A.B. asks: 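Submitted below is the structure of interest, expressed as structure tokens.
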Amino acid sequence: MNNTLLEINNLKTYFDTDQGTVKAVDGISFKVDKQKTVGIVGESGSGKTVTAQSILKIMPWPGKIVEGEILFNKDDGEIVDIAKLGSKSDEIRRIRGKDIGYIFQEPMTSLSPIHKIGDQIMESILVHDKKINKKEAKNIAIELLRDVGMPNAESKVDNYTFQLSGGMRQRAMIAMALANVPKLLIADEPTTAIDVTIQAQILRLLKNLQKKYGMSILIITHDLAVVAEMADEVVVMYLGKIVEKGNVFDIFDTPSHPYTKALLKSIPKKGSGKYLETIKGMVPDPFSIPQGCEFAPRCEFAIKGVCDKKKPPVVEIKDGHFSRCFLHTEQKESKNG
């Protein structure tokens with residue numbers, strides 16, 4: 001793992017409920033290399049956010065990791081399996097906010113409305129560095145707010161969240177996530193609640209901060225345009241599983257899985273003059289997952305008697321480009337036959 005910061009192997013995160021077991025994350029594997037960006041994409045209900053929450057052991061109750069590894073490469077060369085750490089253990093508390101920062105989906109609900117944003121940033125600093133006093137922590141908080149492009153950082157540090165615009169709240173959230181210069185920054189839908197102009201600013205900001213601090217980024221989004229702008233590697237999820245993964249050029253230039261192709265077709269194209277294409281149907285109820293391929297009921301290429309009966313294998317299309325689909329095995333068999 002010399003060049004790998006985070007490696008996830010066969011991760012399964014389940015929620016046991018009165019109605020049954022929800023397999024929110026069901027056997028996924030991928031890695032994040034140092035100073036690289038990995039994008040996780042998919043519709044709502046695909047398991048993207050639960051994947052991110054699993055990395056920091058902050059899944060809502062009754063979620064729990066039932067299998068798999070989350071290997072994190074620390075500075076001293078020690079490899080820590082986060083999956084084995086207790087959610088309230090000292091070990092995971094030392095990693096949260098220090099080694100791994102987290103930008104939550106909606107800053108208005110993630111930031112405290114009764115504490116000044118400066119105090120919230122300072123708290124993260126003081127928890128992880130006992131040598132710093134409050135005055136020094138406040139100066140660091142002001143500098144962080146400047147780094148993320150907050151106007152009048154010296155005065156905004158004493159503002160409450162309701163006194164800030166959506167873009168400013170997002171910047172404050174990013175500043176908090178960067179407070180201890182993490183090795184990995186998890187950005188969960190960082191541009192969802194803000195307008196298009198501010199979205200572009202936030203993405204440029206993340207790229208500049210990545211270069212400045214030498215971070216890795218795991219960005220979670222349903223917006224493929226964001227992934228095209230930010231990511232080196234792409235992981236496509238559907239109903240708790242990875243259906244395709246590869247570098248950003250493979251995914252966008254030569255997509256292999258029907259779900260990835262459908263997602264790409266649904267991107268609005270300027271001046272096309274055509275109606276926006278959609279993916280037929282809905283993501284299945286997690287309590288009644290289809291018997292065969294989970295995407296088969298919505299797939300225009302589904303093979304009757306195959307896709308609706310058996311789980312598809314993972315096929316390596318080419319070096320580093322994987323797809324979970326029967327179409328690849330059927331095509332190989334037809335060529336060989």
Side-chain angles (χ1 to χ4, degrees), residues 1-11 25 27-43 46-49 51-52 55 68-73 100 103 183-191 199-200 202-204 206-211 213-238 240-267 269 295 301 312-325 327-329 331-332:
M1 288 184 67
N2 288 339
N3 196 46
T4 300
L5 182 65
L6 181 77
E7 184 174 332
I8 293 177
N9 296 314
N10 195 36
L11 177 65
V25 176
I28 68 170
S29 300
F30 68 92
K31 66 179 182 177
V32 182
D33 286 336
K34 294 177 181 178
Q35 299 183 34
K36 296 293 184 180
T37 299
V38 173
I40 302 182
V41 299
E43 295 168 284
S46 295
K48 307 185 301 296
T49 293
T51 298
I55 293 170
E69 298 177 319
I70 304 172
L71 303 177
F72 184 70
N73 192 348
I100 304 176
I103 302 172
K183 300 171 188 65
L184 174 65
L185 179 65
I186 300 174
D188 191 355
E189 301 280 8
T191 61
Q199 282 184 20
I202 295 297
L203 293 180
R204 282 197 300 271
L206 288 175
K207 291 177 79 171
N208 291 337
L209 291 171
Q210 180 180 33
K211 189 179 295 185
Y213 294 116
M215 300 181 301
S216 299
I217 295 178
L218 181 64
I219 188 164
I220 297 161
T221 182
H222 61 272
D223 190 338
L224 284 164
V226 171
V227 172
E229 173 74 18
M230 292 287 297
D232 300 296
E233 301 285 328
V234 181
V235 172
V236 184
M237 289 189 68
Y238 185 78
K241 287 185 168 64
I242 293 175
V243 296
E244 187 167 2
K245 64 180 177 181
N247 68 58
V248 68
F249 302 107
D250 287 339
I251 298 299
F252 279 82
D253 294 342
T254 56
S256 180
H257 197 279
Y259 180 59
T260 309
K261 293 177 181 179
L263 287 175
L264 290 168
K265 285 181 181 178
S266 67
I267 299 175
K269 296 175 179 62
F295 187 61
F301 304 104
V314 177
V315 178
E316 187 169 16
I317 309 302
K318 63 177 186 180
D319 187 30
H321 185 187
F322 298 87
S323 181
R324 184 189 295 272
C325 186
L327 291 177
H328 313 306
T329 55
Q331 287 169 2
K332 286 182 179 179

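In this text the structure is predicted, and so the values were computed from the model without any measurement.
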A.B. asks: Atom SG in C325, atom OH in Y259: separation rounded to 0.5 Å?
C.D. replies: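 Answer for the SG-OH pair, C325 versus Y259, is 14.0 Å.
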A.B. asks: In sequence, state the C-alpha distance, the side-chain angles, and the governing distance for H222 and E189, and then conclude on side-chain contact (heavy atoms from CB on, under 4.5 Å).
C.D. replies: CA-CA 8 Å; H222 61 272; E189 301 280 8; 3.2 Å; yes
A.B. asks: Could you check whether any side-chain heavy atom of K34 comes within less than 4.5 Å of a side-chain heavy atom of N73, counting everything from C-beta outward?
C.D. replies: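 Side-chain contact under 4.5 Å: yes.
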A.B. asks: Would you give the length of the straight line joining atom OG of S256 to atom CD of E316, rounded to the nearest 0.5 angstrom?
C.D. replies: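 Going from OG on S256 over to CD on E316, the span is 11.5 Å.
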A.B. asks: Rounded to the nearest 0.5 Å, what separation is found between the CG atom of L218 and the CG atom of L5?
C.D. replies: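 One gets 10.5 Å once the value is rounded to the nearest 0.5 Å.
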A.B. asks: Between F30 and I242, is the side-chain contact (heavy atoms from CB on, under 4.5 Å) condition met? List the steps.
C.D. replies: CA-CA 9 Å; F30 68 92; I242 293 175; 4.1 Å; yes
A.B. asks: Does the S323 side chain pair with the main chain of E244, one donor and one acceptor, at a distance under 3.5 Å?
C.D. replies: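 A pair under 3.5 Å: no.
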A.B. asks: For G42 and S46, work out which heavy atoms get closest and say how close.
C.D. replies: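 Looking at all heavy atoms of both residues, the closest pair is C-OG, 3.6 Å.
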A.B. asks: Does L206 reach the side chain of T37, with side-chain heavy atoms less than 4.5 Å apart?
C.D. replies: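 A side-chain contact is absent here, since even the closest heavy-atom pair is not under 4.5 Å.
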A.B. asks: Consider side chain to side chain contact (heavy atoms under 4.5 Å, CB included). Of I220, T49, I219, I186, which one does I40 pass it with?
C.D. replies: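 In the set I220, T49, I219, I186, the residue that makes a side chain to side chain contact (heavy atoms under 4.5 Å, CB included) with I40 is I220.
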A.B. asks: Salt bridge check, E233 against K31: does any charged N sit closer than 4.0 Å to a carboxylate O?
C.D. replies: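 Salt bridge absent between K31 and E233.
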A.B. asks: Should L11 and I55 be marked as a side-chain contact (heavy atoms from CB on, under 4.5 Å) after you check the CA-CA gap, both sets of side-chain angles, and the distance that decides it?
C.D. replies: CA-CA 10 Å; L11 177 65; I55 293 170; 5.8 Å; no
A.B. asks: Minimum heavy-atom separation for V243 and H257, please, with both atom names.
C.D. replies: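 Heavy atoms of V243 and H257 come nearest at O-CD2, 3.5 Å.
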A.B. asks: Go through the steps for V235 and I28 under the test side-chain contact (heavy atoms from CB on, under 4.5 Å), then give the verdict.
C.D. replies: CA-CA 10 Å; V235 172; I28 68 170; over 6 Å; no
A.B. asks: With sequence neighbours excluded, what pairs up with K48 under the side chain to side chain donor-acceptor pair (under 3.5 Å) test?
C.D. replies: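 With sequence neighbours excluded, K48 shows a side chain to side chain donor-acceptor pair (under 3.5 Å) to no residue whatsoever.
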A.B. asks: If you round to the nearest 0.5 Å, how far is CG of L6 from NZ of K183?
C.D. replies: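 Going from the NZ atom of K183 to the CG atom of L6 covers 12.5 Å.
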A.B. asks: Indicate yes or no for a side-chain donor-acceptor contact from T51 to the backbone of G47 under 3.5 Å, with no hydrogens or angles considered.
C.D. replies: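 Pair found, side chain donor or acceptor close to backbone of G47.
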A.B. asks: Do I100 and F72 have side chains that approach each other closer than 4.5 Å (heavy atoms only, starting at C-beta)?
C.D. replies: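 Of all side-chain heavy-atom pairs linking F72 with I100, at least one is under 4.5 Å.
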A.B. asks: Please list all pairs passing the salt bridge (charged side-chain N to carboxylate O under 4.0 Å, His left out) test where one or both residues lie in residues 255-264, with sequence neighbours left out.
C.D. replies: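 Sorted result for residues 255-264: empty, none.
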A.B. asks: Can you give me every donor-acceptor pair (side chain of residues 248-255, partner residue at least two apart or in another chain, under 3.5 Å) with its distance?
C.D. replies:
from: D250; atom 1: OD1; to: K318; atom 2: NZ; distance (Å): 2.9
from: D250; atom 1: OD2; to: N247; atom 2: ND2; distance (Å): 3.1
from: T254; atom 1: OG1; to: D250; atom 2: O; distance (Å): 3.1

A.B. asks: Does the Q210 side chain pair with the main chain of G214, one donor and one acceptor, at a distance under 3.5 Å?
C.D. replies: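 No; zero donor-acceptor contacts below 3.5 Å.
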A.B. asks: I'd like to know if the side chain of N10 reaches the main chain of G68, judged simply by a donor and an acceptor atom lying under 3.5 Å from each other, with no hydrogens or angles considered.
C.D. replies: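 Side chain of N10 to backbone of G68: no pair is present.
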A.B. asks: Answer yes or no: is there a donor N or O on one side and an acceptor on the other, between the side chain of T4 and the main chain of D33, under 3.5 Å?
C.D. replies: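 No, T4 side chain to D33 backbone: no donor-acceptor pair under 3.5 Å.
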A.B. asks: Distance from L203 atom CG to N208 atom CG, nearest 0.5 Å?
C.D. replies: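 Answer rounded to 0.5 Å: 11.0 Å.
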